[in-house]
Amino acid sequence: MKLFQRTIRDLHQMLLDREISSVELTESVLGHIDAVGEKTKAYLLVTRELALRQAKAADDRLRARRDVKPLTGIPIALKDVLCVKDVVSTAGSKILKGFTPPYSATVVDRLESEGAVFLGKTNCDEFAMGSSNENSGYWPVHNPWGLDRVPGGSSGGSAAAVASGEAIAALGSDTGGSIRQPAALTGTVGMKPTYGRVSRYGLIAFASSLDQIGPMTRDVVDAALLLQSIAGHDPRDSTSSTRPVPDYLATLRKGVKGMRLGVPKEYFVTGMEPAVEQAINDAIRLLEQQGAKIEEVSLPHSDVALPAYYIIAPAEASSNLARYDGVRYGHQAPGAKNLIEEYMLTRQQGFGAEVKRRIMLGTYALSSGYYDAYYLQAQKVRTLIIEDFKRAFEKVDALLGATSPTVAFPLGAKTQDPVAMYLNDIITIPANLGNVCGISVPCGLADGLPIGLQVIAPGFREETALQVAYAFEAAADFRKLQSPLMRAA
Amino acid sequence: MPEPESELSSREVEHVARLARLGITEDEVIRYRDQLRHILTAIDALKRADTSTVPATAHPLEERNVMRDDRSEPCLTAEEALKNAPSREDSYFKVKAIQE
């Protein structure tokens with residue numbers, strides 16, 4: 001087994017035992033990026049020198065046995081929406097081409113202080129708006145399980161990097177499914193923590209009441225390890241929670257015996273592929289065999305979650321993206337006659353089609369005369385979604401369903417139809433609106449393409465979601481599945 | 001107050017783009033009008049939910065009125081804050097005249 005194919009936990013032990021150095025490990029991953037990077041196009045920027053410098057520093061730390069943490073010396077990829085001081089960070093947008101942030105995101109600082117190694121910035125849909133990574137302002141990403149397929153989105157580059165062996169783990173961000181859906185489509189594990197669990201400071205904003213950073217990994221243990229290091233209160237993000245962070249590894253292996261797991265009947269949506277439905281039913285049965293008590297539950301407002309999301313998220317985005325005006329950073333259109341024209345041209349030239357569509361949709365929903373019918377109604381529906389989850393979690397400990405109704409679809413299949421594209425997130429969006437946490441874990445293949453099981457737990461019960469996901473992973477043993485690009489090496 | 005309807009007009013698209021300070025071409029006006037109509041039709045399902053007695057949720061926070069002590073802390077230097085500026089003069093961002 002090559003070093004780049006391994007997990008954080010294995011590599012940590014090997015680093016501790018001085019069996020390998022972080023420089024060797026980092027070179028192994030960088031070498032694989034050289035080998036397959038042109039196939040996946042997962043990275044927008046590979047920070048080779050920075051990675052090797054950090055790896056050397058990590059080796060010093062490991063040699064001295066000074067302050068060694070689980071991520072010391074581990075090569076990690078960062079979604080391009082995360083600011084890294086003096087490293088080009090564009091959120092996948094041309095409007096931020098060449099932008100070098102003057103500070104790092106808190107999650108980046110935390111990984112850095114643990115001694116992690118930064119491989120680079122991963123491709124994503126522009127400003128995290130999309131479900132296929134085809135909205136990147138630079139180039140699309142190809143799924144390591146089938147290069148003619150999308151990797152999902154918006155954290156498609158992070159997912160493809162972990163699935164192909166171009167990173168040991170990665171960070172993504174999830175506003176409506178952008179960690180979980182690409183994780184499902186690439187056979188990796190991806191977790192959206194509860195809003196407030198992880199600081200958003202230095203995350204380039206899409207929809208500020210929904211955005212959350214989370215881990216994308218090879219298995220559930222690694223997800224727990226990575227979440228552990230990024231979770232917790234940050235004085236720089238007033239929306240980050242002061243609740244203490246539990247020890248996620250302590251409860252991970254407790255199993256599901258006696259746990260009550262709910263299956264929302266609404267999550268078996270119209271248009272779900274039969275192979276996906278079959279795999280989810282098999283997964284549910286497997287958890288039942290492990291001793292969980294399975295109950296059907298209802299989340300009656302699931303059908304209006306998607307419409308509510310496509311008002312709330314664009315409305316917040318239209319406000320957040322007002323900052324890209326060509327004055328303080330980013331692209332500035334040349335030759336404008338006056339300030340207003342400069343704004344108009346800068347934004348026309350800098351933003352891609354989907355971002356413009358959402359800015360207009362959001363501006364429309366917030367505009368005079370439409371606010372009550374759209375934005376206010378969507379916020380009320382959000383309350384109904386929250387109440388749905390509260391009622392369900394009075395009866396069960398966690399919920400089970402598919403992450404995505406389909407496996408990875410061909411590149412270009414949905415680019416002409418925004419509504420068809422939006423439907424990809426139909427079972428991931430409720431967790432963002434309902435302020436709960438969710439994780440996607442591989443649960444099988446259909447025609448060689450991965451399927452993801454979604455486990456949803458109440459707000460700030462990440463340990464519960466991880467515990468169920470781990471129990472499934474351990475019993476099902478899909479963990480050994482590797483993408484052709486990872487295997488080929 | 002006009003009733004929201006899915007038949008968005010080209011004029012409304014132009015108006016919204018102007019509000020958003022987004023330059024769009026004539027072709028784009030037509031394309032975005034048609035796409036936004038399609039999206040708004042899908043979103044109309046929102047009206048199905050009975051929300052007559054439901055309060056709105058703007059954010060999911062438990063914390064309220066988060067304050068910190070009023071003391072100065074290190075911050076970016078002017079040079080750091082200006083390093084990405086497309087146009088600058090001395091330690092200022094330079095913008096075009098607002099009035100001609």
Side-chain angles (χ1 to χ4, degrees), chain A residues 99-100 102-103 195-196 209 235 238-239 241-242 301 303-304 306-308 310-311 318 322 325-332 336 338-345 347-348 351 356-357 359-361 363-364 367 369-370 372-374 376-384 386 418-419 422 435 459, chain B residues 1-4 8 12-13 15-25 28 31-32 35-36 38-52 54-63 65-68 76-77 80-87 93-100:
Chain A
F99 172 67
T100 55
Y103 60 87
Y195 184 85
S209 82
S238 64
T239 67
S241 174
T242 53
H301 298 96
D303 63 330
V304 279
L306 188 82
Y310 276 99
I311 292 297
S318 71
D325 57 7
V327 172
R328 288 162 301 159
Y329 41 70
H331 175 68
Q332 182 186 69
N338 54 46
L339 188 63
I340 294 284
E341 192 182 292
E342 188 173 283
Y343 290 160
M344 307 273 285
L345 287 173
R347 292 159 66 78
Q348 179 170 19
F351 290 138
K356 287 179 186 169
R357 205 151 38 228
I359 288 175
M360 284 198 276
L361 182 57
T363 304
Y364 178 73
S367 67
Y370 297 100
D372 284 359
Y374 286 119
L376 194 63
Q377 173 71 356
Q379 287 189 315
K380 288 177 175 175
V381 168
R382 186 171 183 179
T383 307
L384 293 173
I386 292 170
V419 172
Y422 297 169
N435 195 33
Chain B
M1 189 180 94
E3 269 298 298
L8 185 75
E12 281 179 296
V13 172
H15 172 65
V16 165
R18 224 172 6 255
L19 284 177
R21 299 287 184 263
L22 202 54
I24 53 172
T25 63
E28 283 175 326
R31 185 160 13 109
Y32 284 124
Q35 288 176 339
L36 290 171
H38 187 37
I39 295 167
L40 288 168
T41 306
I43 284 174
D44 254 18
L46 258 189
K47 292 179 193 152
R48 283 209 299 268
D50 178 7
T51 57
S52 47
V54 180
T57 298
H59 62 74
L61 303 176
E62 299 172 324
E63 282 84 5
N65 297 332
V66 180
M67 302 289 186
R68 69 164 176 84
L76 296 182
T77 62
E80 286 168 325
L82 282 158
K83 74 170 181 166
N84 283 287
S87 325
F93 295 103
K94 192 174 171 184
V95 295
K96 290 208 154 53
I98 292 165
Q99 287 182 316
E100 288 169 44

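Each chain gets a letter, A, B and so on, in the order the sequences are listed, and its residues count up from 1.
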Between A/Val419 and B/His38 the two heavy atoms that sit nearest each other are CG2-CD2, 3.6 Å
B/Arg21 portion near chain A, given a 4.5 angstrom heavy-atom threshold = both
Which of B/Pro55, B/Ala81, B/Ala42, B/Ala45 touches chain A most, by non-hydrogen pairs under 4.5 Å = B/Pro55
At what distance, to the nearest 0.5 angstrom, does CD1 of B/Ile39 lie from CD1 of A/Ile311?
-> 9.5 Å
Are side-chain heavy atoms of B/His15 and A/Tyr364 found at a separation under 4.5 Å?
-> no
B/Gln35 side, atom CD; A/Met360 side, atom CE - distance, nearest 0.5 Å | 8.5 Å
How close do B/Ala56 and A/Leu376 get, heavy atom to heavy atom, and via which atoms?
-> CB-CD1, 4.0 Å
Any idea which of B/Arg18, B/Lys94, B/Lys83 has the most non-hydrogen atom pairs under 4.5 angstrom with chain A?
-> B/Lys83
What pair of heavy atoms forms the shortest contact from A/Gly326 to B/Pro86, and how long is it?
-> O-CG, 3.4 Å
Proximity breakdown for B/Leu22 and chain A, heavy-atom pairs closer than 4.5 Å = both
Considering only heavy atoms and a distance below 4.5 Å, find which of A/Ser209, A/Ser367, A/Pro102 pairs most often with chain B.
-> A/Pro102
State whether the side chain of A/Arg347 and the backbone N or O of B/Ala20 hold a donor-acceptor pair below 3.5 Å, judged by distance alone.
-> yes
Return yes if some donor-acceptor pair links the side-chain N/O of A/Thr383 with the main-chain N/O of B/Thr57 below 3.5 Å, else return no.
-> yes
Partners of B/Thr25 by side chain to side chain contact (heavy atoms under 4.5 Å, CB included), sequence neighbours excluded?
-> A/Gln348, B/Asp27, B/Glu28
Go through the structure and list residues passing side chain to side chain donor-acceptor pair (under 3.5 Å) with A/Gln332, not counting sequence neighbours.
-> A/Glu342, B/Ser87
Can you say whether A/Ala378 sits under 4.5 Å from chain B via the side chain, the backbone, both, or neither, judging by heavy atoms?
-> both
Which residue out of A/Lys356, A/Glu341, A/Arg328, A/Arg382 racks up the most heavy-atom pairs below 4.5 Å with chain B?
-> A/Arg328
Counting heavy-atom pairs under 4.5 Å with chain A, the top scorer among B/Leu76, B/Val66, B/Ile43 is B/Ile43
Kindly indicate, with the supporting measurements, whether the criterion side-chain contact (heavy atoms from CB on, under 4.5 Å) is fulfilled by A/Leu361 and B/Leu40.
-> CA-CA 9 Å; A/Leu361 182 57; B/Leu40 288 168; 3.9 Å; yes
Counting only heavy atoms closer than 4.5 Å, note whether B/Leu61 contacts chain A via side chain, backbone, both or neither.
-> side chain
Contact class of A/Ile386 relative to chain B, heavy atoms under 4.5 angstrom | side chain
Between the CZ atom in B/Arg48 and the CG atom in A/Asp303, the distance rounded to the nearest 0.5 Å is 5.0 Å
Main-chain N/O of A/Thr100 paired to B/Asn84 side chain as donor or acceptor, under 3.5 Å = yes
Pairs of heavy atoms under 4.5 Å with chain B: top-ranked of A/Tyr103, A/Tyr195, A/Tyr310, A/Phe351 = A/Tyr195
Closest non-hydrogen atom pair between B/Leu19 and A/Thr363, with its separation | CB-CG2, 3.8 Å
4.5 Å side-chain heavy-atom contact, B/Val16 and A/Tyr370 = no
